[in-house]
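Inspection log for the structure reproduced underneath, given as structure tokens.
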Amino acid sequence: MLQLTPSQSLHHPLSSPPPPQIFPFSPFLQSCKTQHDVKRAHALSLRTGAFDHPSIASRLLALYADPKINSLSYARSVFDLIRHPDLISWNILIKCYVENQRSHDAICLFHELVHEFTPDSFTLPSVIKGCARLNAVSEGKQIHGLVVKAGFSLDKFVQSSLVSMYSRCGEIGYARKVFDQMGERDLVLWNCLIDGYARCGEVELALQLFNEMPERDYFSWTCLVDGFAKCGRLDIARDVFDRMPSRNLVSWNAMINGCMKSGDFEMAYRLFNEMPTKDIITWNSMISGYEFNGQFMEALKLFLVMLKEGLVPNHTTFVGALSAVSGLAVLSKGKWVHSLMVKHGIESEGVLGTSLIDMYSKCGSVDSALTVFRMISKKKLGHWTAVIVGLGMHGKAEHALEIFSEMCRTGLQPHAITFLGVLNACSHAGLVELGRHYFKMMTNDYGIEPTIEHYGCLVDILCRAGNLEEAKDIIEGMPMRPNKLIWMNLLSGSRNFGNINIGEYAARCLIEVAPETSGCYVVLSNIYAAAGKWDKVSSVREMMKKRGIRKEPGCSYIEHKGMLHEFNVGDKSHPQAKEIYSKMAEMREKLKSAGHVPDTSQVLLCLEDEKEKEAELENHSERLAIAFGLINVDSGTPIRIIKNLRVCNDCHSITKLLSDIYNREIIVRDNSRFHHFKNGLCSCKDFW
DNA sequence: TTAGGGTTAG
């Protein structure tokens with residue numbers, strides 16, 4: 001039998017009913033924990049008419065905007081239904097926009113708000129934070145004016161957000177002024193300024209403030225650790241870290257990240273093993289730190305350990321892992337990382353789409369890069385740029401330029417890097433006129449100021465076509481000081497066209513800006529060798545010896561069944577060395593029958609005997625890798641080789657011939673681009 | 001019914 005409650009039992013069934021009660025909304029709203037709860041309350045409020053009560057609608061707005069629920073679109077729709085929203089409702093909505101990376105909209109709302117209300121000490125910190133996020137310092141300064149006019153010059157909440165905004169926008173001087181004019185300074189205000197100094201690299205000043213401040217918390221200590229660690233002053237960072245009264249995860253991570261970025265892997269590893277708990281940021285700092293320093297294999301190994309330990313990789317982990325794969329250029333590893341992304345349900349839109357396109361291009365599979373590109377539904381400028389750059393490095397200039405036009409038709413504005421991709425494509429394909437055309441288009445139609453990299457491309461384009469004088473004029477007329485790459489381009493062009501005068505001039509300038517560049521001496525001696533000036537070759541070699549400069553040794557590698565096989569010049573250490581050398585002898589015979597005459601013009605050594613020079617060429621590392629590939633890689637699969645230096649003339653001609661003789665596709669990535677060798681031809685059309 | 005800085009990977 002149903003037990004009646006006392007209140008129910010008081011009413012006789014025949015007596016008059018109690019007056020209709022308004023649904024008790026307040027406690028109901030208070031109990032909302034999830035978005036689902038709030039939606040239910042929202043629906044009920046609409047059904048019962050309670051929504052029309054301004055306090056109920058405002059409360060719903062606050063719930064949707066609560067960081068735990070964080071439903072911006074619902075918050076906005078509730079706000080739009082409130083007939084006369086009060087200042088509190090405006091404040092809640094603006095804050096919600098800022099927290100959801102919609103600072104621009106937040107600032108627009110703020111402009112609407114000031115027509116009706118004077119902003120208060122809740123409005124201002126939110127909108128100032130929005131300015132900081134957007135790096136909108138001029139907007140921030142205007143709001144600062146309003147802060148003064150509205151009488152918030154001594155409000156600690158408003159002032160600390162101003163200090164933070166100025167220091168994040170790189171205006172540390174203004175941050176300091178705001179700090180100085182505050183009579184009463186609390187911990188947060190001190191922290192904002194210390195963080196500002198540490199961020200802009202003024203670590204000494206940060207330390208000075210730190211020593212002056214009356215009390216410190218985690219935040220103050222960690223800002224300092226991070227500031228010193230980021231600018232490479234690890235000893236001081238470590239000292240501060242060791243002196244911390246107690247450490248939290250963030251401070252460990254800051255220290256580890258700093259060590260990794262400075263390349264002190266040993267200290268990073270010690271800390272990594274010592275720390276009591278790790279989180280995804282710890283792992284990501286380690287992985288991307290290795291990647292940052294070119295330790296691609298180490299980065300991938302650690303990625304694997306992380307997976308084995310059962311951690312779930314996130315967006316940033318994949319950016320690091322994909323970049324490491326791009327550096328190694330090992331396609332099978334790239335496919336594996338891509339499949340893991342799919343398995344973890346990580347979208348390829350956004351930055352990761354760019355990483356994937358870049359990875360497939362740099363691993364030699366430009367077709368996969370295109371497939372990824374086509375599958376991205378909302379293509380952003382970065383995606384277009386990545387695919388243009390990728391096609392360019394594979395010598396597919398026409399395709400790159402088609403994509404560029406397609407992009408312009410969608411109404412997207414190319415930026416400086418897009419043009420770098422376009423110009424690079426032109427240079428790799430020897431398209432001189434088009435190169436000039438796009439260089440002009442960039443400045444005239446898009447108002448983009450050419451950087452030194454753009455000039456580098458233009459010089460490269462002209463040099464490849466043999467217009468050395470014009471290239472020299474461009475360099476001399478540049479508004480900035482030419483760098484190492486520019487002179488190297490002119491020097492290589494001079495070698496390719498046998499121009500000793502310009503070659504010597506370029507080498508002289510190059511030695512001036514970068515005396516440690518071994519390539520410079522090598523190319524200059526190549527120029528002299530080609531002209532048969534052996535005395536000059538010797539003097540260049542003497543100079544190299546005196547300055548302690550050594551030619552970077554050639555090294556090639558090839559991946560087979562998940563293993564990387566590395567070959568150095570004249571290497572006999574490989575387990576299959578015997579087979580490889582007999583394959584090389586076979587290659588030599590076949591090349592000879594095909595009528596190949598070795599091109600010894602680029603041999604650095606001063607060898608009298610032609611035979612010795614030929615022998616030097618035959619030891620080049622990519623030949624060992626090709627021989628290995630011919631022995632081991634299945635006949636239907638391309639042989640993919642990665643090389644640390646530029647492919648030399650003779651290796652280039654023999655690889656073309658070998659692709660025909662053995663009917664194999666050979667893909668070589670050298671230090672600047674890809675060569676696809678097939679049926680006796682190369683995709684670079686002999687421009688490289 | 002709002003509550004400053006939020007530091008570490010990118």
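Only heavy atoms go into these numbers, but all of them, side chains included; no hydrogens, no water, no symmetry mates. Protein chains get the first letters and strands the later ones, always in sequence-line order, with residue 1 at the start of each.
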Could you please name the option among [options] that lies closest to any side-chain atom of [X]?
X       : options                 : value
R59(A)  : dA9(B), dT1(B), dT7(B)  : dT1(B)
D86(A)  : dT8(B), dG6(B), dT1(B)  : dT1(B)
C192(A) : dG10(B), dG5(B), dT7(B) : dG5(B)
N257(A) : dT8(B), dT7(B), dA3(B)  : dT8(B)
I281(A) : dG6(B), dA3(B), dT8(B)  : dT8(B)
V188(A) : dG5(B), dT8(B), dG10(B) : dG5(B)

Once hydrogens and angles are ignored, does a donor-acceptor distance under 3.5 Å link the base of dG6(B) to the side chain of D195(A)?
no

Salt bridge check, D226(A) against K230(A): does any charged N sit closer than 4.0 Å to a carboxylate O?
yes

Is the shortest side-chain N to carboxylate O distance from D195(A) to R168(A) below 4.0 Å?
yes

Counting any heavy atom closer than 4.0 Å, what does [X] reach on the DNA or RNA strands: base, sugar-phosphate only, or nothing?
X       : result
K156(A) : base
D279(A) : nothing
S58(A)  : base
I92(A)  : sugar-phosphate
R168(A) : sugar-phosphate
D217(A) : base
N314(A) : base
S164(A) : sugar-phosphate

Could you tell me how far apart [X] ([atom1]) and [N] ([atom2]) are, to the nearest whole angstrom?
X       : N      : atom1 : atom2 : answer
F122(A) : dG4(B) : CZ    : C1'   : 10 Å
R133(A) : dT7(B) : CZ    : C1'   : 13 Å
F157(A) : dG6(B) : CZ    : C1'   : 15 Å
F152(A) : dA3(B) : CZ    : C1'   : 14 Å
F210(A) : dT7(B) : CZ    : P     : 18 Å
I128(A) : dG6(B) : CD1   : P     : 12 Å
F272(A) : dT8(B) : CZ    : C1'   : 14 Å
M244(A) : dT7(B) : CE    : C1'   : 10 Å

Classify the angle between the aromatic ring planes of Y290(A) and F265(A) as parallel (below 30°), tilted (30 to 60°) or perpendicular (above 60°).
tilted

Below 30° counts as parallel, above 60° as perpendicular, anything between as tilted: where do the rings of Y166(A) and H144(A) land?
tilted

Distance test, side-chain N/O of [X] to OP1/OP2 of [N], below 4.0 Å:
X       : N       : answer
K230(A) : dT8(B)  : yes
R216(A) : dT7(B)  : no
K261(A) : dG10(B) : yes
S288(A) : dG10(B) : yes

N273(A): partners by side-chain hydrogen bond (donor to acceptor under 3.5 Å, both in side chains), with sequence neighbours left out
none

Find the distance between OG1 (T222(A)) and CG (N248(A)) and round it off to the nearest 0.5 Å.
5.0 Å

Interatomic distance, CZ@F292(A) vs CG@N257(A), rounded to 0.5 Å, equals 9.5 Å

